[in-house]
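Notes follow the structure.
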Amino acid sequence: MLNAVERKIEQFIVELDDKEVMGLYAKFPQGKRLRAKLILKIAGNGLSVVKTAAVVEMIHAASLLHDDVIDDAYTRRSKPSLNALYGNKTAIMLGDILYSKGFFELNNISSEVAKIVSNAVTQLSLGELKDVSLSKIFNTDKEIYLDMIYQKTASLIEASAGAAAVLAGKPKEAYMTYGRNLGMAFQMIDDLLDITSDAVTLGKPALHDFVEGKTTLPYIYLYEALEQEEQQKLASLHAKELSDTDQSWIKMKMEEHQILLKCYAQAKELIEEAVELMNSNGEEALSDIALEMIERDF
Ligand code: FPP
Ligand code: MG
């Protein structure tokens with residue numbers, strides 16, 4: 001079924017009638033298509049559903065193209081990012097093209113779907129701005145971090161599930177809660193992987209988030225657990241290149257205070273809530289997608 005979405009995206013890009021854009025898009029490493037998968041699982045494979053899935057994936061791709069410029073990231077999914085290959089200007093413009101074409105197509109679907117998805121794009125842009133601003137300070141406020149990942153990551157997954165529910169005539173609220181929980185858990189696990197995975201698996205150096213100034217949930221919990229002197233040491237390492245000794249110290253302290261387990265348990269709780277909600281709606285396939293999320297290697 002995902003094939004139909006790939007073909008729809010291709011069709012939308014061909015309609016732009018621009019060889020350069022076709023060539024550039026071909027270089028953008030495709031992901032797992034989580035959002036499209038959710039939409040199809042909730043709403044089947046009718047034309048409006050496939051179009052919605054294609055549009056959401058184009059918006060997601062646009063956001064990653066911009067994000068890699070913002071984050072100075074030279075890899076995406078272990079391949080060179082578009083900004084690494086062609087420079088920031090080209091990556092930003094390709095993002096704008098995918099985003100605006102997606103929006104044009106969104107208007108031909110339904111006004112309720114268009115409202116849900118466009119609101120999520122505002123949210124994810126606000127979330128990205130918060131992420132950037134937060135990385136300039138040593139944030140130790142969990143609620144601020146949770147709000148930021150809701151906006152940056154969960155909002156589009158929540159909207160995908162909500163839009164699909166609208167198309168399928170299913171109860172929107174339950175599906176949006178499912179998508180929100182899934183999105184929050186997804187980002188929490190992603191932030192854990194930044195600490196647990198090696199640089200090769202990750203396609204970027206480990207502990208990269210902290211070096212970039214991002215105090216994700218594990219760092220917030222670690223800070224809470226440390227003695228005052230150690231808290232100062234952690235704060236002094238924030239947003240700097242880390243020596244091997246500093247890296248080992250952070251990892252050792254995380255181990256000592258069982259921080260990763262605590263974060264994992266929090267993500268798992270969100271997934272369990274999502275699974276229960278979907279089971280009670282007779283949507284076992286959606287429960288499986290949620291479970292796969294917390295069974296990723298980490
Ligand atoms: C990845 O975060 C980034 C996002 C999930 C959202 C980025 C959103 C924008 C740049 C706004 C885009 C706006 C429009 C109009 C399309 P990350 O850096 O934590 O994850 P990563 O490790 O995958 O880079
Ligand atoms: Mg990034």
Side-chain angles (χ1 to χ4, degrees), residues 9 25 28-35 54-84 88 91-106 114 117-136 139 144-160 179-180 182-197 199 201-219 263 267 293 296 298:
I9 298 175
Y25 184 72
F28 182 71
Q30 275 177 23
K32 298 173 286 296
R33 302 287 195 215
L34 168 71
R35 293 153 190 79
V55 165
V56 167
E57 289 294 342
M58 286 165 77
I59 293 171
H60 178 54
S63 78
L64 296 181
L65 284 161
H66 287 185
D67 178 68
D68 284 341
V69 171
I70 293 165
D71 287 349
D72 286 320
Y74 297 109
T75 56
R76 168 68 51 195
R77 300 168 181 142
S78 300
K79 298 211 175 99
S81 58
L82 264 280
N83 46 310
N88 287 349
I92 289 172
M93 291 317 302
L94 181 63
D96 289 345
I97 291 161
L98 294 178
Y99 169 65
S100 49
K101 174 64 173 165
F103 251 63
F104 177 77
E105 296 302 333
L106 190 60
V117 175
S118 54
N119 176 52
V121 181
T122 309
Q123 291 305 314
L124 71 101
S125 306
L126 289 167
E128 182 79 350
L129 180 63
K130 251 180 218 161
D131 195 18
V132 170
S133 305
L134 283 176
S135 68
K136 294 180 188 140
N139 174 52
I144 292 180
Y145 163 83
L146 291 173
D147 278 353
M148 183 275 287
I149 66 167
Y150 163 66
Q151 287 184 302
K152 180 180 79 165
T153 305
S155 61
L156 189 58
I157 301 179
E158 175 189 59
S160 302
R180 182 164 61 244
L182 205 66
M184 297 290 290
F186 181 84
Q187 190 61 49
M188 284 177 183
I189 302 268
D190 219 53
D191 293 345
L192 277 176
L193 288 171
D194 188 77
I195 296 164
T196 58
S197 301
T201 317
L202 219 53
K204 60 185 177 187
L207 305 192
H208 187 252
D209 283 344
F210 196 61
V211 173
E212 290 287 293
K214 298 181 183 185
T215 44
T216 55
L217 195 58
Y219 297 95
C263 295
M293 176 128 328
R296 285 195 285 168
F298 96 98

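If you're wondering where the values come from, they're calculated on a predicted model, not measured in any experiment. Note that ligands are numbered from 1 as they come in the structure, with each ligand's atoms numbered from 1 the same way.
In this structure, a donor-acceptor pair under 3.5 Å is present between the side chains of Asp191 and Gln187.
Heavy-atom contacts of His66 reach the following atoms of ligand 1: 10 (C) (cutoff under 4.0 Å). Here is the list of ligand 1 atoms found below 4.0 Å of a heavy atom in Ser125: 11 (C), 13 (C). Ligand 1 places these atoms under 4.0 Å from at least one heavy atom of Lys152: 2 (O), 4 (C), 5 (C), 6 (C), 17 (P), 19 (O).
Residues Thr215 and Leu134 have side chains not in contact (no heavy-atom distance under 4.5 Å, counting atoms from C-beta outward). Side-chain contact between Tyr145 and Lys214: absent, with no pair of heavy atoms (C-beta onward) separated by less than 4.5 Å. Annotation: side chain of Glu57 is in contact with side chain of Arg33 (closest heavy-atom distance under 4.5 Å). Contact check for Glu212 versus Ser135: no side-chain heavy atoms found under the 4.5 Å cut-off. Under the 4.5 Å side-chain criterion, counting only non-hydrogen atoms from C-beta, Ile97 is not in contact with Tyr25.
Ligand 1 lies within reach of Lys214, whose nearest heavy atom is under 4.0 Å from it.
Under the salt bridge (charged side-chain N to carboxylate O under 4.0 Å, His left out) test applied with Lys152, the options Asp67, Asp131, Asp190, Asp147 reduce to a single match, Asp131.
At least one N or O atom of Asp67, backbone or side chain, sits closer than 3.5 Å to an N or O atom of ligand 1. Checking only distances, Arg76 does come within under 3.5 Å of ligand 1, N or O to N or O.
Contacts between Asp71 and ligand 1 below 4.0 angstrom, taking non-hydrogen atoms only, involve the side chain exclusively.
The minimum distance between the Mg ion (ligand 2) and any N, O or S atom of Asp71 involves atom OD2. The N, O or S atom of Asp67 lying closest to the Mg ion (ligand 2) is OD2.
Thr153 places no side-chain N or O within donor-acceptor distance of the main-chain N or O of Gly183, the cut-off being under 3.5 Å.
By heavy-atom distance, the residue among Gln123, Arg77, Glu128, Gln187 lying nearest atom 7 (C) of ligand 1 is Glu128.
When distances to the Mg ion (ligand 2) are checked against a cut-off of 2.8 Å, Asp68 contributes no N, O or S atom below that limit.
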